[in-house]
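Here the structure comes first, spelled out in structure tokens, and everything after it is commentary.
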Amino acid sequence: MTSHQANWLYDGLTEGFPGDRATPCVHLPSGETVSYGALEAAAGRYSASFIASGVRPGDRVAVQVDKSLGALLAYLGAVRAGAVLLPMNTGYARGEVAYLLGDAEPALFVCDPSRVDDLAGVAKDVGAHVLTMDSAGEGDLAADAASRSDDAAPVPRAADDLAAILYTSGTTGRPKGAMLTHDNLYSNTRTLVEAWHFTADDVLIHALPVFHTHGLFVATHCVLLTGSAMHFLPKFDAQTVMDLMPISTTMMGVPTFYTRLLAEDGLAEAAKGMRLFVSGSAPLLAETHQAFEARTGHAILERYGMTETTMITSNPYEGPRRPGTVGRPLEGVEVRITDPDAKAGSIKLCAANTVGMVEVRGPNVFKGYWRMPEKTAEEKRPDGYFITGDLGMMDDDGVLHIVGRGKDLIISGGFNIYPKEVETVIDALEGVEESAVIGVPHPDFGEGVVAVVVPQPGATVTGAAVMDGIKGELARFKQPKHIAIVAELPRNTMGKVQKTVLRDTYSDVLAG
Ligand code: AMP
């Protein structure tokens, strides 16, 4: 870490920029390429525009915009201006936007021109100035930035100052704003660049959204810090991604990217020259990992992280990448597994191979939830460990296995059931593509197990066949009391199976 970074994150990233600023940084779908020099100058103009709009150091800049070069410039401009970016999912409806704006009280809100009529009132109520940006990155902000000079120095910010607030729904209740500092993001990027052997020769396929930690920070920062390049795509499209593989070296994706790629004929040929495929944000099925390796020769590198902590563990770059595991803690990051049944306030460590709560400590762990000190205190231990809400176990080799979210744990007749265990058994059955196991109200047992099963294309799977297949594999109390066969599971943009949706859909199937 260097000590002369006036703006910790911005200067830290630009130190990685190539000496020759004509080097390509962002390749756009239009065929246009933006050099490092052009990116830096534009970030300077966006920063000047924010400051001219009244944004002061520490102020929040909320953005709800489609992915474009403009969205990236808004992020870099905000950090350079010393502001705190608040990116919002483009799918959020008025009520959700209103809640986030009310909670974060940004100085500025940037939204799509088509939504100004709907949202300007809400923004004004919280005193936010409104600027527009459309899906091409054009609008008031771009127009204003074009008139500004690019030479103002980045606004000084220390390692511990906030760079971004990302809202996360976590378990239940209102979304919480995870406060990420300059050094949370900078230190994690340095670690990932080392761990995944990123160099200036890399070309990343960037098809992730940029309102989430994976696309906005993990993918983008690895490129910027190494002076490499990226194909910046508005969204994932299997054919486009395959067309780019021969002129790229790496891709970061969510598991659905990989299942969709596996449905394409030309995958093996396209992927030949790639160096690395990374997966995260949701569990990658072991079968997907194995099928991808069989087809392409590439073992997908699965890593684990979350909004509050950025990246926590990773499978190794060199050495076996084990399907169904998320690897070891990254350099400088500590992980421990604790007993959920320990007395309140006390900490009892779990032995190897025992499922417990995944806790993490390190420079990557966020500062806390925005304006929610009690919530922060509930989830952060006095010794600095953050309780992730995930359940997992460390095996004898110190490799982490994620078993599910704590809230997904099913308690039936007093017994704990880990959905992942049941899902793994069902997924291994002939003709089964994947499954999701949930707990729903049961008159006798409190909760009962329901399995939602997706057959492989062309296969026929019946509830009776699933029951037959798992009988000898799982204790009675873990066996589903209801099995639904469906064409696909509900997923969010990051590829996570939406178990809350399933719990709602099947809430009364065991009502009796
Ligand atoms: P988010 O804050 O949206 O990034 O979601 C974080 C959550 O996604 C984690 O707490 C995990 O439950 C889940 N997650 C992320 N990566 C993985 C992974 N590789 N395997 C299993 N779950 C994951």
Side-chain angles (χ1 to χ4, degrees), residues 87-89 91-92 164-171 175-180 184-185 188 192 195-196 208-219 252-259 277-289 292 299-316 321-330 333 335 337 355-360 364-366 369 379 386-394 399-409 418-421 423-424 427 434 436 491-500:
M88 288 184 199
N89 190 317
Y92 281 169
I165 300 179
L166 264 55
Y167 278 78
T168 151
S169 314
T171 45
K176 299 166 285 182
M179 299 188 286
L180 294 160
N184 288 151
L185 302 176
N188 204 238
L192 294 177
W196 297 341
L208 293 160
V210 288
F211 50 70
H212 183 268
T213 187
H214 196 171
L216 183 60
F217 302 136
V218 181
M252 292 186 198
V254 294
T256 23
F257 286 16
Y258 295 104
T259 48
F277 289 95
V278 178
S279 177
S281 292
L284 181 75
L285 291 177
E287 296 94 90
T288 310
H289 187 288
F292 200 85
I300 299 169
L301 186 155
E302 184 171 10
R303 94 305 179 270
Y304 159 66
M306 63 194 304
T307 302
E308 289 92 332
T309 61
T310 64
M311 298 306 103
I312 302 170
T313 67
S314 172
N315 268 280
R321 299 174 192 161
R322 286 170 44 195
T325 76
V326 294
R328 296 196 175 82
L330 288 161
V333 177
V335 174
I337 309 293
V355 173
M357 304 194 295
V358 178
E359 300 191 11
V360 56
N364 55 316
V365 174
F366 75 139
Y369 293 111
E379 298 186 15
F386 170 64
I387 305 168
T388 60
D390 289 316
L391 296 168
M393 64 172 197
M394 285 282 195
V399 168
L400 184 64
H401 301 235
I402 300 294
V403 177
R405 296 286 300 165
K407 66 172 168 146
D408 293 335
L409 177 74
Y418 300 105
K420 178 83 181 283
E421 187 191 353
E423 288 161 6
T424 307
D427 292 351
E434 60 174 344
R491 288 195 145 83
N492 71 8
T493 15
M494 299 309 293
K496 288 185 218 295
V497 174
Q498 293 173 299
K499 289 204 165 171
T500 33

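Atoms within a ligand are numbered from 1 in the order they appear, just like the ligands themselves. Count residues from 1 along the sequence. As a basis for the values below, the full set of heavy atoms in this structure was taken, side chains included, without hydrogen atoms, waters or symmetry mates.
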Exercise. Find all atoms of ligand 1 within a distance of less than 4.0 Å from any non-hydrogen atom belonging to T307, and give their numbers and elements.
Key: 1 (P), 2 (O), 3 (O), 4 (O)
Quiz item: Which residue, M306, R303, M252, forms the side-chain contact (heavy atoms from CB on, under 4.5 Å) with S281?
Solution: R303
Quiz prompt | Gap separating the OH atom of Y167 from the OH atom of Y92, nearest 0.5 angstrom | solution = 10.0 Å
Quiz item: Counting only N and O atoms by type, is there a donor-acceptor contact under 3.5 Å from the side chain of H289 to the main-chain atoms of I300?
Solution: yes
Self-check item: Side chain, backbone, both or neither: the part of R405 lying under 4.0 Å from ligand 1 by heavy atom
Solution: side chain
Quiz item: Which atoms from ligand 1 have a heavy atom of S281 less than 4.0 Å away?
Solution: 8 (O), 13 (C), 14 (N), 15 (C), 16 (N)
Exercise. Kindly confirm or rule out an N or O of R303 lying under 3.5 angstrom from an N or O of ligand 1.
Key: yes
Quiz prompt | Protein heavy atom at shortest distance from atom 12 (O) of ligand 1 | solution = D390 OD1, 2.6 Å
Exercise. List the closest protein heavy-atom neighbour of atom 6 (C) of ligand 1: residue, atom name, distance to the nearest 0.1 Å.
Key: M306 CB, 3.3 Å
Exercise. Answer with yes or no whether M494 contacts ligand 1, where contact means a heavy atom under 4.0 Å from a ligand atom.
Key: no
Quiz item: Does L284 offer a backbone N or O that forms a donor-acceptor pair with the side chain of E302 under 3.5 Å?
Solution: yes
Quiz item: Rounded to the nearest 0.5 Å, what separation is found between the CE atom of M311 and the NE2 atom of H214?
Solution: 7.0 Å
Quiz prompt | Backbone or side-chain N or O of H212 under 3.5 Å from ligand 1 N or O | solution = yes
Self-check item: T388 heavy atom under 4.0 Å from ligand 1
Solution: no
Quiz item: Which ligand 1 atoms, with their elements, are less than 4.0 angstrom from a heavy-atom of E302?
Solution: 18 (C), 19 (N), 20 (N)
Quiz item: Within the distance-only criterion (no hydrogens, no angle test), does the side chain of N492 pair as donor or acceptor with the backbone N or O of Q498 below 3.5 angstrom?
Solution: no
Quiz item: Is the F277-F257 ring centre distance short of 6.0 angstrom?
Solution: no
Practice problem: Supply the atom-to-atom distance M394 CE to R328 CZ, rounded to the nearest 0.5 angstrom. | Solution: 9.5 Å
Quiz item: Taking K499 for the side chain and A436 for the main chain, is one N or O donor matched with an acceptor at less than 3.5 Å?
Solution: no
Quiz prompt | Protein residue, atom and distance nearest to atom 8 (O) of ligand 1, heavy-atom basis | solution = K496 NZ, 3.0 Å
Practice problem: Run the numbers for me: atoms of ligand 1, each under 4.0 Å from some heavy atom of V326, listed by number. | Solution: 18 (C), 19 (N), 20 (N)
Quiz prompt | Part of A282 with heavy atoms under 4.0 Å of ligand 1, whether side chain, backbone, both or neither | solution = backbone
